[in-house]
Amino acid sequence: MNQFAAEDHLYMARALHLAERGLYSTTPNPRVGCVIVKNGQIIGEGWHQKAGAPHAEINALMQAGPASLGATVYVTLEPCSHHGRTPPCADALIGAGVTKVIAAIQDPNPNVSGQGLARLKAAGITVEHGLLAAQAHDLNAGFVKRMVLGHPYVRIKTASSLDGKTALSSGESKWITGEAARADVHRLRARSCAILTGINTVLADNPQLNVRDIDATRPDENSVTTRQPIKVIVDSHLRTPPDARILQGAKTLVACAFPDSQKTAALEAAGAEILCLPGADGMVNLHALLSRLAQKGINEVMTEAGPGLNGALLAAGLVDEWVQYLAPCLLGSNARPLFDLPEPATMQDRLNWKLIDQRMIGADLRLVWRK
């Protein structure tokens, strides 16, 4: 087992901090940071900004210049060994004459998967990995899951009263949580590759489900813009109105279970892409939908939906993380619930979750749960 020194942790922590700068912009690529150290001093650092742009290692090498000779490199993800949109970073590190590379985690991409580290080692470079691996994995949980399991990472968001209600029986729900919590939701949207919702939410609320009112910009060639995640509607019978606000702006996918050429034509004319993915229960096959999203390069899916779709995702075991906003109020027993879920046969069959984070967001409590 590798024994890393205190300064190794310090430099890798800096690399992870740099990687976080790509939180809103790198999709479908992973978020990666790199720090180059020589004689106890940082001589170069970089991070990956967006797909097609130089990788973190290249940016760090450009800053370090010829001083990279004999240096140690800290990178949050194994350097690539294949030609994608950019040349292999492993070759660039070899050419720069670095003597040691420490990676937080190996790249789960089957095109790399240890080959980058092996290439470095074959060139005589000392190679280690596993430093702050858990933190690096969390930063790219969606990319890792897509590469390993062929599904994106699914994060559901709920906003409810203390008694677990999301709206009054009339459907009125604005606003359960405060302004600070709503801004926090936009930050979650901004880091997501896709926003998933159900047709009932579209018909009831006519939402936009876009990113706004926060600083979530990405660098482009000539300007700085906010990347808008793809929007996905689960709509078995294609009831989405062609003039729905959700169809405006970013690309929207509509997943159905029953094809209808007339409705399909109207929605396609409005800019939507239709996916027909029928399940055995007459509903959209959610497993197939997530697989299709992964094929489209979707790493992280954020679900903002009602109790039906949220409950179906939970019942199917497709949820990786639940971000729960609790407002300091009560709405009563007749108000609408968080999830439509069947009762477990026994207490042993209940769905258990682990609390990984809790904090106040304004006057509301945010809880983050994982399996």
Side-chain angles (χ1 to χ4, degrees), residues 8 10-39 41-129 131-132 135-136 139-140 143-144 147 217-224 227 297 299:
D8 293 328
L10 179 67
Y11 295 132
M12 187 62 79
R14 173 60 182 168
L16 286 165
H17 180 71
L18 291 167
E20 288 176 355
R21 295 185 182 181
L23 191 66
Y24 303 139
S25 62
T26 63
T27 183
N29 288 357
R31 300 139 182 160
V32 183
C34 180
V35 170
I36 302 177
V37 177
K38 189 173 184 179
N39 299 325
Q41 298 292 323
I42 294 177
I43 60 171
E45 57 183 32
W47 55 283
H48 181 50
Q49 296 183 0
K50 65 173 184 176
H55 289 188
E57 299 95 319
I58 304 305
N59 288 326
L61 286 170
M62 289 176 63
Q63 188 178 106
S68 298
L69 182 67
T72 297
V73 176
Y74 298 83
V75 62
T76 59
L77 185 70
E78 174 186 1
C80 62
S81 58
H82 68 294
H83 282 269
R85 296 189 186 183
T86 58
C89 291
D91 290 352
L93 292 170
I94 294 168
V98 305
T99 57
K100 187 174 184 178
V101 174
I102 300 177
I105 58 175
Q106 288 186 258
D107 193 334
N109 186 337
N111 290 324
V112 184
S113 190
Q115 297 177 51
L117 296 180
R119 184 176 296 188
L120 294 171
K121 189 173 182 180
I125 297 172
T126 301
V127 172
E128 297 179 2
H129 72 277
L131 175 59
L132 299 184
Q135 293 88 331
L139 187 60
N140 285 303
F143 178 78
V144 172
M147 289 295 164
T217 53
R218 64 176 294 178
D220 285 321
E221 291 184 3
N222 301 311
S223 64
V224 176
R227 181 189 64 82
N299 293 328

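Just the heavy atoms: all of them, side chains too, but no hydrogens, waters or symmetry mates, feed the values below.
- Lys38 places a side-chain N or O within donor-acceptor distance of the main-chain N or O of Leu69, the cut-off being under 3.5 Å.
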Decide yes or no on side chain to side chain contact (heavy atoms under 4.5 Å, CB included) for Thr76 and Leu139, but give the supporting numbers first. CA-CA 10 Å; Thr76 59; Leu139 187 60; 5.5 Å; no

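- The CD1 atom of Ile43 sits 9.0 Å away from atom CG of Leu61, with the distance rounded to the nearest 0.5 Å.
- When every heavy atom of Ala19 is checked against every heavy atom of Gly33, the shortest pair comes out as CB-N, 3.3 Å.
- The nearest pair of heavy atoms linking Ala136 to Ala104 is CB-CB, 3.5 Å.
- In this structure, Met62 CE and Ser68 OG are separated by 11.5 Å, a value rounded to the nearest 0.5 Å.
- Between Pro79 and Val101, the shortest heavy-atom distance links the atoms CG-CG1, 4.3 Å.
- In this structure, the side chain of Glu78 does not engage the main chain of Gln106 through any donor-acceptor pair within 3.5 Å.
- Looking at every heavy atom in both residues, Gln115 comes nearest to Pro110 through NE2-O, 3.7 Å.
- With sequence neighbours left out, Asn140 forms a side chain to side chain donor-acceptor pair (under 3.5 Å) with no residue at all.
- Shown here for Gly46 and Ala60, the closest heavy-atom pair between the two residues is N-CB, 3.7 Å.
- The SG atom of Cys89 sits 9.5 Å away from atom CG of Leu77, with the distance rounded to the nearest 0.5 Å.
- For the atom pair Phe143 CZ and Thr26 OG1, the distance stands at 9.5 Å (nearest 0.5 Å).
- Taking the side chain as every heavy atom from C-beta outward, Asp8 and Tyr74 approach each other to under 4.5 Å.
- Under a 3.5 Å cut-off, the side chain of Arg31 and the backbone N or O of Leu23 do form a donor-acceptor pair.
- Each of Val32, Ile36, Ile102, Val35 was checked for a side-chain contact (heavy atoms from CB on, under 4.5 Å) with Val75, and the lone residue meeting it is Val32.
- Listed for the Arg227 side chain is a donor-acceptor partner under 3.5 Å among the backbone atoms of Tyr24.
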Assess whether side chain to side chain contact (heavy atoms under 4.5 Å, CB included) is satisfied between Ile42 and Tyr11, documenting all intermediate values. CA-CA 8 Å; Ile42 294 177; Tyr11 295 132; 3.9 Å; yes

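- Considering His48, Glu45, Glu57 as possible partners of Cys34, the one that fulfils the side-chain contact (heavy atoms from CB on, under 4.5 Å) test is Glu57.
- A pairwise comparison of heavy atoms in Pro28 and Asn299 identifies O-ND2, 3.0 Å as the closest pair.
- One N or O on the side chain of Asp107 and one on the backbone of Asn109 form a donor-acceptor pair closer than 3.5 Å.
- Here CG of Leu120 is found 12.5 Å from CD of Glu128. Values are rounded to the nearest 0.5 Å.
- Applying the side chain to side chain contact (heavy atoms under 4.5 Å, CB included) test to Leu132 and every residue at least two apart in sequence or in another chain returns His9, Met12, Ala13, Leu16, Gln135.
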Any chance you could lay out the side chain to side chain contact (heavy atoms under 4.5 Å, CB included) test for Arg119 and Asp91, step after step, and finish with the verdict? CA-CA 8 Å; Arg119 184 176 296 188; Asp91 290 352; 2.9 Å; yes

Take Thr99 and Thr126, measure what side chain to side chain contact (heavy atoms under 4.5 Å, CB included) needs, and give me the verdict at the end. CA-CA 6 Å; Thr99 57; Thr126 301; over 6 Å; no

